[in-house]
Amino acid sequence: MGRGASSAEIEVNVQPRIGDSAIHPIEIGSASLSRRTSPANAMASISGEFMTFRRWRPWLVPAFVIANVVLFSITMFVNNCPRSSPSCILSFLGRFSFQPLKENPLLGPSSNTLEKMGALDVNKVVHEHQGWRLITCIWLHAGVVHILANMLSLLFIGMRLEQEFGFVRIGILYIISGFGGSLLSALFIQSSISVGASGALFGLLGGMLSELITNWTIYANKFAALLTLVFIIAINLIVGVLPHVDNFAHIGGFISGFLLGFVLLIRPQFGWISQQSHQPRYPVKRKHKVYQYILWIAAAVFLITGLTVGLIMIFHGVNANDHCSWCHYLSCIPTSRWSCNSSATYCSITQLELKWVILSN
């Protein structure tokens, strides 16, 4: 995949800010059931004693934010705008100054620098065996606007999830979702280089949805929470059908996170928790419901199979558009107001989370 030397086309995908879709687990009392005010404080009260889901102190998500900021600073240092352009933005910053707005409206480096730092380039992945780009691209950002929006989204969603489920599970969920988003993007969009954490962030949303489904029996207010979460996800995916938005990264990240959520975010039943500190009563309560085990196995099989097949297809140079004539509509739907084929430099911004895709002519 090559880029035209004369101009670059910039696309920006924006993910709306996630609203508060708190889900309230059921509190089991000696006589009746009541609702907790926060999922973070979910607990079961049996015979006057409280059994609490462990609450973690988040540190991995803030570490991810720091790592992204450091990598962006390194990217700007490597970019060294004054060396290649006489009209840098904020030139008093020296080699940390930004490319001209016509080249990068997000206040960031050039596309050449991003490619050098590890942006997703399908040609390099396939023909030069640089599969590591499927991971490195989710840690790179196209500009100050980009990294600010992405990190706000990560903090807003990720901190709460890490408090609930710990750094190991949320770290795995984030990275594998980003990897899944990169896979699907590389299969369908092969004339571009891309950077951004959209796939990973959509994976966190997918994990939230599957966590609600697999732990359905322990939650109150679940129908309202389900409708709210589905609405938020639908709005984010609908934004992706605007022209020059990489919705395949969103879809791939969401599917990966959704499946992985069934595996990583499963919770034990309150009845089983109560037996850990009391004499067991017969029949002994199961730690998980049967449907939870079924979802766990099915999700693990689909996830492993999907990622494996995707990797094989990419390294064999498969263009998924050749096998699905309508799939391109998942990323762009042409209308009388816009075309899905364009050569002008522009950016389309909607609300919060941004992903930058630089298309070749």
Side-chain angles (χ1 to χ4, degrees), residues 3-4 7-17 64-65 67-121 133 136-156 178 181-182 185 189 192-202 236 239-240 242-247 249-250 331 342-361:
R3 288 193 312 278
S7 64
E9 186 167 296
I10 298 174
E11 300 181 2
V12 181
N13 170 41
V14 184
Q15 174 178 315
R17 183 181 296 273
F64 279 173
V65 172
N68 277 278
V69 172
V70 170
L71 283 172
F72 179 72
S73 300
I74 294 173
T75 302
M76 292 308 303
F77 181 84
V78 172
N79 185 65
N80 193 9
C81 179
R83 182 182 59 187
S84 58
S85 176
S87 56
C88 300
I89 304 299
L90 301 181
S91 56
F92 65 86
L93 294 176
R95 66 185 301 150
F96 289 96
S97 57
F98 309 118
Q99 294 298 123
L101 292 179
K102 289 185 178 180
E103 183 177 346
N104 185 347
L106 301 180
L107 298 177
S110 67
S111 58
N112 287 332
T113 299
L114 289 172
E115 185 176 11
K116 183 188 302 183
M117 292 295 294
L120 179 58
D121 184 329
R133 290 180 179 271
T136 57
C137 67
I138 69 177
W139 301 95
L140 297 175
H141 290 84
V144 173
V145 178
H146 189 189
I147 192 171
L148 179 63
N150 269 345
M151 294 305 101
L152 285 175
S153 297
L154 177 56
L155 286 171
F156 189 82
S182 297
S185 177
I189 302 180
S192 68
I193 66 171
S194 65
V195 296
S198 292
L201 292 171
F202 266 80
N236 279 270
V239 169
L242 294 174
H244 312 301
V245 174
D246 184 6
N247 209 28
H250 301 170
S331 189
S342 176
S343 60
T345 299
Y346 72 97
C347 62
S348 58
I349 301 177
T350 307
Q351 294 182 32
L352 181 61
E353 190 275 327
L354 297 94
K355 179 178 175 66
W356 193 34
V357 180
I358 308 166
L359 296 178
S360 62
N361 290 327

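A 4.5 Å side-chain heavy-atom check between N150 and N68 finds every atom pair outside the cut-off.
The shortest heavy-atom contact between T75 and P109 is CG2-CG, 3.7 Å.
Rounded to the nearest 0.5 Å, atoms OG (S194) and CG (L140) are 10.0 Å apart. Distance CG/L114 to CG/L120: 12.0 Å, rounded to 0.5 Å. F72 contributes atom CZ, which lies 10.5 Å from atom CG of L148 (distance to the nearest 0.5 angstrom). Annotation: the span from I138 atom CD1 to F64 atom CZ amounts to 8.0 Å, rounded to 0.5 Å. In this structure, OG in S110 is found 8.0 Å from NZ in K116, a value given to the nearest 0.5 Å. Atom-to-atom distance recorded for L107:CG and I147:CD1 is 12.5 Å, nearest 0.5 angstrom.
Here the side chain of N104 pairs a donor or acceptor atom with the backbone of A142 at under 3.5 angstrom. With S97 contributing its side chain and L93 its backbone, the two residues share no donor-acceptor pair below 3.5 Å. Side chain of S85 to main chain of P82: no donor-acceptor pair is present (N/O by atom type, distance under 3.5 Å, no hydrogens or angles). Within the 3.5 Å criterion, the main-chain N or O of E115 finds a donor-acceptor partner in the side chain of R133. A donor-acceptor contact shorter than 3.5 Å is absent between the side chain of N79 and the backbone of F98.
Classification of the F77-F96 ring pair by plane angle, with boundaries at 30° and 60°, yields tilted.
Among the candidates N112, T136, V195, I74, the single residue satisfying the side-chain contact (heavy atoms from CB on, under 4.5 Å) test with M117 is I74.
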Starting from the C-alpha separation in whole Å, work towards a yes-or-no answer on side chain to side chain contact (heavy atoms under 4.5 Å, CB included) for S111 and Q99.
CA-CA 10 Å; S111 58; Q99 294 298 123; over 6 Å; no
